Amino acid sequence: MNINLAIDRLRELLGEEKVLTAPEDLYVYGYDSSIVYTGRPWAVIRATSTDDVVHVLKVADEYSIPIIPRGGGSSLTGSSVPVNGGIVLDLRSMNKIKVYVDDGVVEAEAGATVDEVDRECRKYGFMFPIDPASAEVATIGGTIANDGGGMRGARYGTMRHALLAVEVVLPGGKVLQLGSPVYKQALGYELAQLIAGSEGTLGVITRGWFKIVPLPERLGRILAFFNDVEDAAKAIFMIRRRGLNPLILEFLDDITLQAVESVYKLGLPQAAAAVLADVDGPHESIERLINTFRNIFEEFRAFKVEVALTPEEMNRIYMARKAAYPALSKLYPVVIIGDICVPISKLPQMVKAIKSIASKYDVPIAAVGHAGDGNLHTFTGLNTASGDEWDRGCKANDEISLIALELGGSVSAEHGIGIQKKYLLEKEIKYRGSEYALEIMRQIKRIFDPKGILNPGKLFD
Ligand SMILES: Cc1cc2nc3c(=O)[nH]c(=O)nc-3n(C[C@H](O)[C@H](O)[C@H](O)COP(=O)(O)OP(=O)(O)OC[C@H]3O[C@@H](n4cnc5c(N)ncnc54)[C@H](O)[C@@H]3O)c2cc1C
């Protein structure tokens, strides 16, 4: 490996301005939003076309240099951190978007943010179905690679459920289009789906084609507050059990509500938990749906139910959920973020278990998430990433993951594995007695990336 020769070659091929090596540039690319994991790349490339990516992967192959693809850097698991050095390949300048409205499809380059794609679809009366809370920074490439989801997950799933086709560049520079931009296809092994969730370890995504969905005719938003955390979870379960299909269905616990209130002053009452729901449909159906939801919330002893029908009111109560991550991160210098998913019927048990694990290990654990699909994020708030407090936080996080498994769920819903959850990936696969699945994954990695240069140290060692 000779990094200086490789960098010179890349400067010749791409031009000086796309190859960054100044210490301040290298510093900022040494993090993602996990904060806990840090590294320092040897160089950063800002690609502006698929051809640039091809050049980078050819040179990286020739000199055996690790490549860490990067979008918005909003990953919460260390997945975009160059822990072993290498070249960070920043795709954000590749951000063209085209809506094929007659076909119900959007094509977007890897660096477009999810929000930009959504805004483009809205010009035509459609929306992008996947909506991570980080949509303003999360890119299409990063969100495919992490198989991200979001608030509308209970109805539309994660990125892989909207993905029709993907263009990837493999180590060595081969460009492949996997899948076609149509709603149905059966072409043998589903390789586009293999790229979703691959976290930059199999190929560099340069563009994707996705299903889009019509904008609702009308929206209504409801925020209900509860004195008992289990009642809130039971209300979520009952909404799904009675066959209702809200656009979003979110859970927030007391710590989250207090954090949001202390930072953003939205006028939220003190409560053990809150549930946020969006209902949508034809104009005349909204009042009826809101009443149905209100009745379920009251059946489970909600002490306050706020309804928002205007954009201003809706934005205010949406902030309660949207601001959860930034507010919690502001309160605690270090957070361990969990990302479990349980069967919806087990939500009440899961939220109760989280609270007792927090007491057992004497650490504050906030629970918040897209609970309409069984997904909960836990934030274990700590003052330091070392010593006894850190150990207690890690043990609490492990116990939460184990309970999720015991309830028939998963340790990883939508944030990916990265560095943080490598041991949990192994734990879950072993828990199911399917160790050989790990070996299959390793073999797949070797087929796509025989020299192991793509995002090394992520997913598994
Ligand atoms: C405040 C906040 C809220 C969040 N809310 C949500 C949420 O609601 N739902 C959710 O799912 N996630 C959420 N996340 C996590 C994160 O935003 C998502 O995982 C997001 O999809 C990552 O996109 P990114 O562009 O930032 O990717 P990055 O962090 O840049 O990269 C993530 C992974 O993708 C790989 N990658 C990036 N671009 C490419 C490419 N072009 N080709 C191949 N691999 C690539 C990287 O190597 C890395 O492994 C949140 C994060 C924050 C900070």
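We count ligands from 1, going down the list as the structure has it; atoms in each ligand are counted the same way. Just so it is clear, the model here is predicted, and its values are computed rather than measured.
- Counting heavy atoms closer than 4.0 Å to ligand 1, residue Asn455 contributes side-chain atoms (C-beta onward) but none from N, CA, C or O.
- Geometrically, Arg40 does not engage Tyr27 in a cation-pi contact, judged by NZ or CZ lying under 6.0 Å from the ring centre and within 45° of the ring axis.
- Residue Lys451 places its NZ atom among more than 12 non-hydrogen atoms of other residues, nucleotides or ligands, all under 6.0 Å distant.
- Protein heavy atom in closest approach to atom 28 (P) of ligand 1: Gly73 N, 3.5 Å.
- Asp398 and Tyr423 share a side-chain donor-acceptor pair at under 3.5 Å.
- Remark: ligand 1 atoms within the under-4.0 Å shell around heavy atoms of Gly200 are 43 (C), 44 (N).
- Atom 24 (P) of ligand 1 has its closest protein heavy atom at Gly72 N, 3.5 Å.
- Nearest protein heavy-atom contact of atom 14 (N) of ligand 1 is Ser134 OG, 3.6 Å.
- The local environment of NZ in Lys445 is crowded, with over 12 non-hydrogen atoms from other residues, nucleotides or ligands closer than 6.0 Å.
- Here Leu76 has side-chain heavy atoms under 4.0 Å from ligand 1, and that is the only part of it that gets that close.
- Residue contacts with ligand 1 leave out Asp32, since none of its heavy atoms falls under 4.0 Å from the ligand.
- Looking only at atom types and distance, the side chain of Gln420 has no donor-acceptor partner in the side chain of Tyr37 under 3.5 Å away.
- Every heavy atom of Met151 sits 4.0 Å or more from the atoms of ligand 1.
- Distances from atom 43 (C) of ligand 1 to the heavy atoms of Ala112, Ser75, Gly203 put Gly203 nearest.
- Remark: minimum distance from atom 38 (N) of ligand 1 to any protein heavy atom is reached at Gly142 N, 3.4 Å.
- Here the shortest heavy-atom pairing between Leu276 and Arg321 reads CD2-CB, 3.7 Å.
- Considering Ser79, Ala138, Pro82, Ala133 only, the shortest heavy-atom separation from atom 7 (C) of ligand 1 involves Ala133.
- Taking every non-hydrogen atom of Gly148 and a distance limit under 4.0 Å, the qualifying atoms of ligand 1 come out as 11 (O).
- Each of the atoms 53 (C) of ligand 1 lies under 4.0 Å from some heavy atom of Ser33.
- A centroid separation of 6.0 Å or more is found between the aromatic rings of Tyr332 and Phe379.
- Using cut-offs of 30° and 60° on the angle between ring planes, the pair His377 and His415 is parallel.
- Of the protein's heavy atoms, Pro69 O, 3.1 Å lies nearest to atom 46 (C) of ligand 1.
- Residue Glu107 forms a salt bridge (Lys or Arg N to Asp or Glu O under 4.0 Å) with just one option from Lys98, Lys211, Arg207, and that option is Arg207.
- In terms of protein heavy-atom proximity, atom 19 (O) of ligand 1 is nearest to Asn146 ND2, 2.9 Å.
- Annotation: side chain of Phe448 is not in contact with side chain of Pro171 (no heavy-atom distance under 4.5 Å).
- The His415 neighbourhood of ligand 1 comprises atoms 10 (C), 12 (N), 13 (C), with distances under 4.0 Å to a heavy atom of that residue.
- For ligand 1, the atoms sitting less than 4.0 Å from at least one non-hydrogen atom of Thr143 are 20 (C), 21 (O), 23 (O), numbered in the order shown with element in parentheses.
- Heavy-atom proximity to Gly149, at under 4.0 Å, picks out these atoms of ligand 1: 9 (N), 10 (C), 11 (O).
- In the vicinity of Ala110, heavy-atom distances shorter than 4.0 Å reach the ligand 1 atoms 41 (N).
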Give the intermediate values and the outcome of salt bridge (charged side-chain N to carboxylate O under 4.0 Å, His left out) for residues Asp147 and Arg160. CA-CA 6 Å; Asp147 192 23; Arg160 69 166 75 251; 3.0 Å; yes
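- Residues Ser180 and Gln185 bring a donor and an acceptor atom of their side chains to less than 3.5 Å of each other.
- In summary, the side chains of Glu167 and Thr206 do present a donor paired with an acceptor at a separation below 3.5 Å, with no hydrogens or angles considered.
- Checked by distance only, ligand 1 and Ile205 come closer than 3.5 Å through their nitrogen or oxygen atoms.
- At a 3.5 angstrom cut-off on N or O pairs, Asp131 does not count as close to ligand 1.
- When each of Leu376, Asp253, Leu252, Thr378 is tested with Val368 by the rule side-chain contact (heavy atoms from CB on, under 4.5 Å), just one qualifies, namely Leu252.
- Considering only non-hydrogen protein atoms, atom 34 (O) of ligand 1 sits nearest to Ala145 CB, 3.2 Å.
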Apply side chain to side chain donor-acceptor pair (under 3.5 Å) to residues Thr113 and Arg119 and explain how you reach the verdict. CA-CA 10 Å; Thr113 66; Arg119 273 187 272 134; 5.1 Å; no
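- Nearest protein neighbour of atom 51 (C) of ligand 1, counting heavy atoms only, is Ser74 O, 3.4 Å.
- Here is the list of ligand 1 atoms found below 4.0 Å of a heavy atom in Glu199: 47 (O), 49 (O).
- The part of Leu91 lying near ligand 1 is the side chain, judged by heavy-atom distances below 4.0 Å.
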